[in-house]
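Single-structure report; data block below.
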Amino acid sequence: MTNSVSSHAKIGKNFKIGNFSIVHDNVCLGDNVEIGSFCIIGHPFSGTLDNKILSIGSNSVIRSHSIIYEGSTIGADFQTGHNVLIREKAQFGQGCRVGSNSDIEGDCSIGDFVHFHSYAHVGKGSKISDFVWIYSLVTLTNDPLPPSMISRPIILESGVVICVNSTVLPGTIMKKGSFASAATLVRGVIEEGMIVSGPECRPSGHVSTLVDWESGLRHPWMRHLEARYPESAHQRIRQLLKDISSSKFKESSV
Amino acid sequence: MTNSVSSHAKIGKNFKIGNFSIVHDNVCLGDNVEIGSFCIIGHPFSGTLDNKILSIGSNSVIRSHSIIYEGSTIGADFQTGHNVLIREKAQFGQGCRVGSNSDIEGDCSIGDFVHFHSYAHVGKGSKISDFVWIYSLVTLTNDPLPPSMISRPIILESGVVICVNSTVLPGTIMKKGSFASAATLVRGVIEEGMIVSGPECRPSGHVSTLVDWESGLRHPWMRHLEARYPESAHQRIRQLLKDISSSKFKESSV
Amino acid sequence: MTNSVSSHAKIGKNFKIGNFSIVHDNVCLGDNVEIGSFCIIGHPFSGTLDNKILSIGSNSVIRSHSIIYEGSTIGADFQTGHNVLIREKAQFGQGCRVGSNSDIEGDCSIGDFVHFHSYAHVGKGSKISDFVWIYSLVTLTNDPLPPSMISRPIILESGVVICVNSTVLPGTIMKKGSFASAATLVRGVIEEGMIVSGPECRPSGHVSTLVDWESGLRHPWMRHLEARYPESAHQRIRQLLKDISSSKFKESSV
């Protein structure tokens, strides 16, 4: 083993680490954490930080070539793919997944059980709630008049789904359970449970109308994915499902 | 040299490896294989595998920071760019190229002489035939109702071309020699030799009508690229060219 | 420290380098250069080069997991994010920034103070002038009839802005200060100061009409960003601003 683990780092029980990895000072790892090879954990940040600690919860797996800056807080049961970059002052709840080659910029706040697939790019200051799914090559921007020094970050409420290769413009608010189809240019305020599509971000119905014709499977996804979440999350999932379903009637009664 | 090469790995003649690279057990390399620095070859897979061997054919070049999982089979004359990720149970024929930062998920089957440019993202289970060209930032998806647990992978027949930043939706079948222009949202069944374009995946003619006006060069590409393939492939290229050309008449006679 | 730094490399004063990094022969670094961990500086190129030297100017910062080939020339005050790839025969002026996961192919010529955000992909032979801004997931292509062996690279004049997830087609010329909105399929000749948008690359006014309604901030960006550039660049910025503003009247007088 040829690693470089700081003796100032606080490391839980049952720690595993690959070859050629670096753990800096200011790192605090829970129990059963596994770090792959060629990683940098607690990468120094050149600016100032109120709290320099990088804390990663227990049972987390950080795959190879990943870089996580100091000054972030990450909940338990966290998993990354390979070559993931997470900058300073990011907050993650429990049970999050970040796919290979993703780049999560600083000052983001991310809830519980959020999934990012490969090449997700989350701009500085984004606010993402629980049970959100973000697919490959999705970008969350924040500059309304690039290049300016204005930042107008994105807000994603619980249960939002953003499909592959969608771009979310600055200041967008996607409300509970709303859904962006593949390659959508998402902007403005997307109402609860609404589907939007295409370069015009056209509203095209409520998520409860989404059906996979071959299998007969229906949205929202929480119906069929509940088993993949821990028991403790099931009550919240059911409440979220209820809220999204009822948003359908709110819409139609307008 | 500070490497970590397992003594259980089977390694051919004339092996070269950069600094700080890792070769795990279960790896079987042909002759004249070259591995760059910071690579992980035979990365352990956490699930179960019938066959844990990662086999890479002779005369292959794996560039730095790449990660290839155990349980995959890769033909001779393989080349990757930098930071390429290839997961378990992938099959590659001979003479394939995978560009930098690409991510090939598990259970894919890929033919001979397939080219992926940078940031290609190939979803689990994709089936790709021979002489296919996939350009930068192309994503092959597989979930028809994300997030579901249904997988409806993509099928690409011989000679298909998919230009930059196109997204291919689940269950798409692109038949022999069909062509997706840049930034197309590809879906459904694309007929032999057909060109499709744009967010509406609009059919816009047969590949034999593609001309570069300045040079007078015409599609299909096999006319002018034959010299770049080994002698042994020329007969197959000519047959493919013939098939694609004749598909033009099939279409017009409908 | 476990690095591999060639004794043939020429290295300036006050050099810093992370762990597990490689500096090859043919490298020439200015003073105060900082290299992160897991980098390859002066990566050998397999073809022939008139000049094999990789020269990087003073006060530059190359972040971890980056790869820079031999045979390129990079001006002072250069900064990269993580996992940046720069190939051979690239030329950069002073004060450039290249975001994480970007891939700059060979033979590119890039002016002063050019900014690339994450996942920028710059095709071989691109010519980019000063003060250009290229956002995440933008691709500059060069093959007009893929796959062909024709290369028709892109030309971007001073002050051009290309927003996230835009694809620039081969042979495109974007004139001084022109602006591509998010997710544009850019092609043809874009006139000075023109805005283009969408899959149709529709012209939609002059950059001087861009306003952020909440803050009242107006384009062009040089008005409000001047302070971020060194004193020595201010005169050039003011001239560029003047040129772009006057292009407005040229257009309307046609």
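Keep in mind it's a predicted model, so treat the numbers as computed, not measured. Below, chains carry the letters A, B, ... as their sequence lines are ordered, and counting in each starts from 1.
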Distance-only polar pair, side chains of Thr167(C) and Asn165(B), donor-acceptor under 3.5 Å: yes
Side-chain donor-acceptor contact under 3.5 Å, Asn101(B) with Asn83(C): yes
Structural part of [X] lying under 4.5 Å from a heavy atom of chain C:
{"X": "Arg228(B)", "result": "side chain"}
{"X": "His65(B)", "result": "side chain"}
{"X": "Leu217(B)", "result": "both"}

Segment of [X] engaging chain B (4.5 angstrom heavy-atom cut-off):
{"X": "Leu137(C)", "result": "both"}
{"X": "Ile67(C)", "result": "side chain"}
{"X": "Ser37(C)", "result": "neither"}

Sub-4.5 Å side-chain heavy-atom contact between Ile40(C) and Phe38(B): yes
Euclidean distance, [Y] [atom2] relative to [X] [atom1], rounded to 0.5 Å:
{"X": "Phe179(B)", "Y": "Leu145(C)", "atom1": "CZ", "atom2": "CG", "answer": "6.5 Å"}
{"X": "Arg63(B)", "Y": "Leu85(C)", "atom1": "CZ", "atom2": "CG", "answer": "10.0 Å"}
{"X": "Ser215(B)", "Y": "Met149(C)", "atom1": "OG", "atom2": "CE", "answer": "13.0 Å"}
{"X": "Ile22(C)", "Y": "Ser64(B)", "atom1": "CD1", "atom2": "OG", "answer": "8.0 Å"}

Worked check of ring pair (Phe, Tyr, Trp, His ring centres under 6.0 Å) between His121(C) and Tyr135(B): CA-CA 12 Å; His121(C) 182 226; Tyr135(B) 285 88; over 10 Å; no
Minimum heavy-atom distance Tyr119(B)-Ala120(C), with the two atoms named: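 Scanning both residues, the minimum pair turns out to be OH-O, 3.6 Å.
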Option that, when pairs with chain C are counted at under 4.5 Å, heavy atom only, ranks first among Val211(B), Leu225(B), Asp212(B), Val164(B):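 Going by pairs under 4.5 Å, I would pick Asp212(B).
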Greatest number of heavy atom pairs closer than 4.5 Å to chain B - which of Pro146(C), Ala183(C), Ser148(C):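 Of Pro146(C), Ala183(C), Ser148(C), Pro146(C) has the most heavy-atom pairs under 4.5 Å with chain B.
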